[in-house]
Student: 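Supplied in structure tokens, the structure appears directly below.
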Amino acid sequence: MRGKAVSGKAILVLCLASFLAGSLITSRTWTSQSHNNNHPIVNHVTASNKLGEFDHKLRKLGEGKAEDIMGEVSKTHKAIQSLEKTISNLEMELAVSRMSSVGNGFTLQKPKSYSNHTLQKAFVVIGINTAFSSRKRRDSLRQTWMPTGEKLKKLEKEKGIVIRFVIGHSATTGGVLDKALDKEEAEHKDFLRLNHVEGYHQLSTKTRLYFSTAVSMWDAEFYVKVDDDVHLNLGMLATTLAEYRSKPRVYIGCMKSGPVLSEKGVKYHEPEYWKFGEDGNKYFRHATGQIYGISKDLAAYISINSPILHRYANEDVSLGSWLIGLEVEHVDDRSMCCGTPPDCEWKAQAGNICVASFDWSCSGVCKSVEKMKYVHNSCGEGDSSIWKSDF
């Protein structure tokens with residue numbers, strides 16, 4: 001619509017009139033509130049009373065013993081840590097609620113751990129990475145450090161420690177391999193089956209899917225991945241993780257930064273070596289793949305962002321890349337990569353029991369089927385240790 005142009009003086013007068021009217025209304029509103037709720041005298045008395053109470057508490061604390069003061073400081077520190085973790089959880093839930101979809105055709109599904117139904121609470125979920133050909137390896141663990149049957153159920157119920165062998169399905173679903181695994185699962189009931197086609201070059205995908213699936217089934221404080229040829233002391237693992245339960249985002253393992261191998265045909269070849277700079281460069285720091293653990297928020301992060309997390313050739317590098325740009329505490333714990341006897345045996349005799357033991361030369365316990373029982377007898381914490389552990 002077109003009309004006559006309004007002069008500058010008219011606009012100025014209109015603005016001044018609006019300002020005066022607004023000031024009058026605001027003044028009356030504040031005056032009314034002052035009479036009803038915020039009388040200056042009342043405010044002064046209330047503030048004085050609060051200051052007096054605070055001063056009294058401060059004087060009382062100052063007159064107390066040093067032990068009392070340190071006790072109060074410790075309580076305050078714990079309260080702050082708890083508050084930080086609560087804020088972190090709320091931030092994660094907020095991110096989940098906001099992140100229903102992103103561009104480029106990706107849809108990020110909300111993990112079941114943040115849905116309305118109640119998940120099974122746990123302290124730690126331990127996923128043992130295994131393959132169809134590793135039946136004897138699995139049995140060697142069941143005969144040593146891994147509880148079975150009713151003891152496995154008791155461990156979950158009383159200690160909140162969930163242990164499962166993690167595996168997908170064969171390329172021909174329902175074939176001989178899958179049927180054999182179905183039979184083993186019916187016997188032991190200690191598997192976590194993934195919607196994933198097994199294959200050595202798919203380990204990064206399997207790792208990503210393991211964390212996403214575990215988060216959707218258990219509400220745990222920590223999620224651990226370990227290979228099926230590694231010896232583990234459950235009591236020491238639980239005690240070690242408990243030290244970091246007040247931290248919101250923790251990534252724990254034996255940190256390393258090995259060379260980026262650009263030559264084709266060699267083991268651990270990295271096809272995307274050019275992303276890491278010139279030839280001879282090393283990877284960023286990341287936990288070695290034999291065993292590592294992450295806290296709840298990081299597992300949820302992986303689950304939420306799963307479709308857009310890049311996968312490198314090596315699964316430990318992939319996990320490290322997903323976390324390197326986040327506000328995460330990297331914990332380098334060398335007790336999680338002890339050698340087999342005599343290394344872990346000497347440490348155990350000195351009172352420094354290892355969390356995990358394996359041979360670097362084999363990326364696990366060499367000839368683990370034959371040797372696992374020997375490592376367990378030499379370096380194990382004792383079968384009763386996990387039940388006595390207080391974490």
Side-chain angles (χ1 to χ4, degrees), residues 109 111-112 125-142 146 148 152 162-218 223-232 253 265-272 286-294 299 302-303 306-322 356 358 362-369 372:
Q109 298 296 329
K112 295 178 182 178
V125 175
I126 302 171
I128 306 173
N129 186 45
T130 192
F132 286 108
S133 59
S134 298
R135 172 64 194 259
K136 290 183 178 180
R137 283 187 178 184
R138 292 191 289 273
D139 285 340
S140 72
L141 299 192
R142 293 179 180 123
M146 179 181 173
T148 58
L152 187 65
V162 178
I163 307 175
R164 295 289 187 275
F165 287 107
V166 180
I167 194 169
H169 57 81
S170 65
T172 54
T173 306
V176 176
L177 294 176
D178 291 306
K179 288 180 180 178
L181 200 66
D182 291 340
K183 185 178 179 181
E184 185 181 350
E185 182 178 13
E187 180 183 355
H188 294 284
K189 296 180 175 60
D190 55 7
F191 282 92
L192 174 60
R193 305 290 288 272
L194 304 178
N195 184 19
H196 167 74
V197 178
E198 285 292 317
Y200 178 78
H201 296 292
Q202 297 295 326
L203 288 179
S204 294
T205 301
K206 185 176 180 179
T207 298
R208 189 179 66 177
L209 190 55
Y210 157 61
F211 285 120
S212 298
T213 305
V215 164
S216 73
M217 297 177 66
W218 293 280
Y223 299 83
V224 169
K225 176 260 177 182
V226 60
D227 287 340
D228 62 5
D229 56 353
V230 170
H231 181 269
L232 187 62
V266 300
K267 193 176 183 180
Y268 307 127
H269 165 63
E270 178 57 73
E272 298 181 86
H286 62 279
T288 186
Q290 286 85 351
I291 178 174
Y292 48 73
I294 58 176
I302 292 172
S303 178
S306 183
I308 56 174
L309 293 177
H310 187 69
R311 291 159 293 168
Y312 290 101
N314 303 301
E315 55 102 5
D316 52 356
V317 173
S318 293
L319 179 67
S321 71
W322 302 337
F358 57 88
C362 300
S363 297
V365 175
C366 295
K367 297 182 180 179
S368 64
V369 174
M372 189 62 70

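Just so you know, these numbers use all the heavy atoms, side chains as well, and skip hydrogens, waters and symmetry mates.
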Student: Using modelled atom types and a 3.5 Å cut-off, is there a donor and acceptor pairing between side-chain atoms of S212 and backbone atoms of L209?
Tutor: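 Looks like no, no N/O pair under 3.5 Å.
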
Student: Taking C-beta and beyond as the side chain, do R311 and W322 meet within less than 4.5 Å on heavy atoms?
Tutor: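 Touching, per the 4.5 Å side-chain cut-off.
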
Student: Whether the side chain of S134 engages the backbone of T130 through a donor-acceptor N/O pair (distance < 3.5 Å, no angle test) should be reported.
Tutor: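 Side chain of S134 to backbone of T130: no pair is present.
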
Student: Has the side chain of S170 got a donor or acceptor atom that lies under 3.5 Å from a matching backbone atom of D178?
Tutor: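 Side chain of S170 to backbone of D178, a donor-acceptor pair under 3.5 Å: no, none is there.
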
Student: State whether the side chain of S303 and the backbone N or O of A299 hold a donor-acceptor pair below 3.5 Å, judged by distance alone.
Tutor: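 Answer holds: no.
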
Student: So H231 and F358, do their side chains get closer than 4.5 Å, heavy atoms only?
Tutor: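 They are not in side-chain contact.
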
Student: Does D190 pair with R164 as a salt bridge, N-O distance under 4.0 Å?
Tutor: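 No, this pair does not count.
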
Student: Salt bridge check: are E315 and K225 linked by an N-O gap of less than 4.0 Å?
Tutor: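 Yes, E315 and K225 are salt-bridged.
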
Student: So, T148 versus R142: side-chain donor-acceptor pair below 3.5 Å or not?
Tutor: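 No.
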
Student: Apply side-chain contact (heavy atoms from CB on, under 4.5 Å) to L181 and list each qualifying residue two or more places apart in sequence or on a separate chain.
Tutor: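 Partners of L181 by the side-chain contact (heavy atoms from CB on, under 4.5 Å) criterion, ordered by chain and then number, come out as F132, R138, I167, E184, F191, R193.
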
Student: If I take atom CD1 from residue I291 and atom CG from residue D227, how far apart are they, to the nearest 0.5 angstrom?
Tutor: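 One gets 9.0 Å once the value is rounded to the nearest 0.5 Å.
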
Student: Checking side-chain polar atoms at under 3.5 Å, does D229 have a donor or acceptor matched by the opposite partner on S368?
Tutor: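 The criterion, which ignores hydrogens and geometry beyond distance, is not satisfied for S368 and D229.
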
Student: Can you tell me if S363 and Y268 form a side-chain donor-acceptor pair at under 3.5 Å?
Tutor: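 Looking only at side-chain atoms, Y268 and S363 do form a donor-acceptor pair, the distance falling under 3.5 Å.
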
